[in-house]
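Have a look at the structure below, then the notes.
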2 protein chains.
Amino acid sequence: MTKKFNSIERCDCNVIHEDIVNQARDKMAQEESLYDLAELFKVFGDSTRIRILWALHEAEMCVCDIAVLLNMTQSAISHQLRVLKQAELVKSRREGKIVFYSLEDEHVKQIFDQGLIHISEESK
Amino acid sequence: MTKKFNSIERCDCNVIHEDIVNQARDKMAQEESLYDLAELFKVFGDSTRIRILWALHEAEMCVCDIAVLLNMTQSAISHQLRVLKQAELVKSRREGKIVFYSLEDEHVKQIFDQGLIHISEESK
DNA sequence: TAGTTATATGAGCATTTATTCAAGTGTTTT
DNA sequence: AAAACACTTGAATAAATGCTCATATAACTA
């Protein structure tokens with residue numbers, strides 16, 4: 001009854017597997033950008049944003065075109081484009097009244113593809 | 001004043017860019033698994049889960065080892081391992097009282113790597 | 001059998017997030 | 001200059017999410 005279940009206490013495993021834990025600790029330190037990585041994937045982890053990216057991979061498009069394509073309001077699309085721009089996944093170009101959006105670079109496609117490989121393996 | 005701002009109405013662009021929009025529409029139909037893809041990236045889009053995956057890439061580990069490594073409660077880790085397992089990113093193996101978790105396959109690493117490439121490009 | 005250890009799980013709570021609504025900016029047209 | 005158009009933005013709201021706490025389960029141990 002003295003044991004507090006919800007505290008971060010060491011258990012016997014931690015001692016038994018000490019070398020494994022320390023090894024993993026080194027690996028964690030090695031990659032300090034794991035938080036940035038999570039932020040990047042968070043941007044991909046929304047169906048609206050991923051559909052925008054997928055559409056832009058075909059062609060440069062303006063906000064209202066994307067809106068009708070995804071059957072959503074311009075406002076909603078504009079908000080999400082802002083997120084995508086902050087993540088440096090898309091860039092924009094103004095031509096008069098119209099603002100055209102396109103993919104920032106080619107990595108986007110590669111991140112997509114790796115994900116799709118996993119999806120297709122899953123459904124086997 | 002008759003214009004409703006927040007409805008999904010066609011604008012002049014949609015007519016002017018008709019072929020581009022239709023082309024993109026074909027591309028959307030082509031990949032009906034975009035929602036699954038978003039779900040996958042959503043799992044990667046959390047720092048706790050991505051650190052778990054990163055740790056497991058080094059070695060198979062039990063729940064309490066991961067907990068001390070990330071300085072979090074066993075409960076929190078267990079909840080996240082459940083999410084990772086449902087996404088088929090990790091698998092588990094029981095050995096007496098202890099449950100060992102490991103990566104389901106090698107795609108995980110590749111998805112990681114693509115993300116890291118983007119991160120490193122960004123910070124240039 | 002009772003107690004301990006390792007893990008899982010359901011409910012509750014606080015935070016984040018995606019969308020909507022309303023109002024704004026910037027550009028073109030009349 | 002005024003109206004129309006394409007887009008942006010801030011506030012509000014509803015839904016989703018991650019963690020905590022308490023409890024449950026499963027395996028081992030005394």
Side-chain angles (χ1 to χ4, degrees), chain A residues 1-17 21 35 38-39 41-52 61-68 70-87 90 92-101, chain B residues 1-17 21 35 38-39 41-52 61-68 70-87 90 92-101:
Chain A
M1 58 153 66
T2 51
K3 173 81 187 295
K4 282 180 63 198
F5 292 105
N6 296 306
S7 59
I8 305 140
E9 269 182 30
R10 305 190 168 277
C11 61
D12 296 351
C13 294
N14 303 148
V15 182
I16 298 164
H17 308 140
V21 174
Y35 292 91
E39 288 306 306
F41 286 125
K42 198 174 287 179
V43 178
F44 278 89
D46 175 78
S47 64
T48 300
R49 286 191 294 266
I50 215 161
R51 283 183 303 153
I52 291 173
M61 285 201 287
C62 68
V63 181
C64 63
D65 285 341
I66 301 172
V68 294
L70 305 193
N71 199 40
M72 292 177 66
T73 63
Q74 277 190 22
S75 179
I77 299 297
S78 188
H79 276 294
Q80 296 299 356
L81 283 169
R82 189 162 167 272
V83 175
L84 290 168
K85 201 171 183 180
Q86 283 176 337
V90 303
S92 64
R93 165 179 82 80
R94 182 176 269 274
E95 197 172 287
K97 293 180 287 189
I98 305 169
V99 179
F100 288 96
Y101 281 85
Chain B
M1 57 154 68
T2 50
K3 174 82 186 293
K4 281 178 64 198
F5 292 104
N6 296 305
S7 60
I8 305 140
E9 269 182 31
R10 306 190 165 276
C11 61
D12 296 352
C13 294
N14 304 147
V15 182
I16 299 164
H17 309 141
V21 174
Y35 292 92
E39 288 305 307
F41 286 126
K42 199 174 287 178
V43 177
F44 278 88
D46 175 78
S47 64
T48 299
R49 286 192 295 265
I50 215 160
R51 284 183 300 153
I52 292 174
M61 284 201 288
C62 68
V63 181
C64 63
D65 286 341
I66 301 172
V68 293
L70 303 194
N71 198 39
M72 292 177 67
T73 64
Q74 280 190 19
S75 178
I77 299 297
S78 188
H79 277 294
Q80 296 298 357
L81 283 170
R82 190 162 167 272
V83 175
L84 289 169
K85 202 171 183 182
Q86 283 177 334
V90 303
S92 64
R93 166 179 82 81
R94 182 175 272 274
E95 197 172 288
K97 293 179 287 190
I98 306 167
V99 178
F100 288 97
Y101 282 85

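Keep in mind that this is a model prediction, so the values were computed, not measured. Chain letters run A, B, ... following the sequence lines, proteins first, then strands; residues in each count from 1.
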Do Val43(A) and Arg49(A) come close enough that some side-chain heavy atom pair is under 4.5 Å? yes
Rounded distance (Å) that lies between atom P of dC7(D) and atom CE of Met61(A): 12 Å
Per atom distances to the Arg49(A) side chain, the nearest of dA18(C), dT8(D), dT27(C) is dA18(C)
Which of the following nucleotides, dT20(D), dA18(C), dC19(D), is nearest to the side chain of Gln80(B)? dC19(D)
Residue pair Gln74(B), Ile77(B): steps toward the side-chain contact (heavy atoms from CB on, under 4.5 Å) verdict: CA-CA 5 Å; Gln74(B) 280 190 19; Ile77(B) 299 297; 5.7 Å; no
Of dC7(D), dT9(C), dA22(C), the nucleotide closest to the side chain of Arg82(B) is dT9(C)
Is any side-chain N or O of Thr73(A) under 3.5 Å from a base N or O of dC21(C), one able to act as donor and the other as acceptor? no
Please report the shortest heavy-atom distance between Cys62(A) and Phe100(A), naming the atom on each side. N-CD2, 3.9 Å
OP1 or OP2 of dT8(D) under 4.0 Å from side-chain N/O of Tyr101(A): yes
Ring-on-base stacking between His79(A) and dT19(C), under 5.5 Å between centres and under 30° between planes: is it there? no
Phosphate OP1/OP2 of dT9(C): any Ser78(B) side-chain N/O under 4.0 Å: no
Given DNA chain C, 5'-ward residue of the pair Cys64(B) and Ser47(A), judged by closest heavy atom: Cys64(B)
Would you indicate what Lys85(A) reaches in the nucleic acid, counting non-hydrogen atoms under 4.0 angstrom: base, sugar-phosphate, or nothing? nothing
Judged by each residue's nearest nucleotide on DNA chain C, which is more toward the 5′ side, Gly96(A) or Ser92(B)? Ser92(B)
Of dC7(D), dT7(C), dG26(C), the nucleotide closest to the side chain of Val99(B) is dT7(C)
Do His17(B) and Asn14(B) have side chains that approach each other closer than 4.5 Å (heavy atoms only, starting at C-beta)? no
Per Lys97(B) side chain, nearest of listed nucleotides dT7(C), dA6(C), dC7(D): dA6(C)
Name the orientation class of the two ring planes belonging to Phe44(A) and Phe41(B) (parallel below 30°, tilted from 30 to 60°, perpendicular beyond 60°). tilted
Would you classify Phe100(B) as touching base, sugar-phosphate or nothing, given that sugar-phosphate means primed atoms plus P, OP1 and OP2, and contacts are heavy atoms under 4.0 Å? nothing
Does Arg94(A) have a side-chain nitrogen or oxygen under 4.0 Å from the phosphate oxygens OP1 or OP2 of dT27(C)? no
Between Asp12(B) and Ala76(A), the residue closer to the 5' end of DNA chain D by nearest nucleotide is Asp12(B)
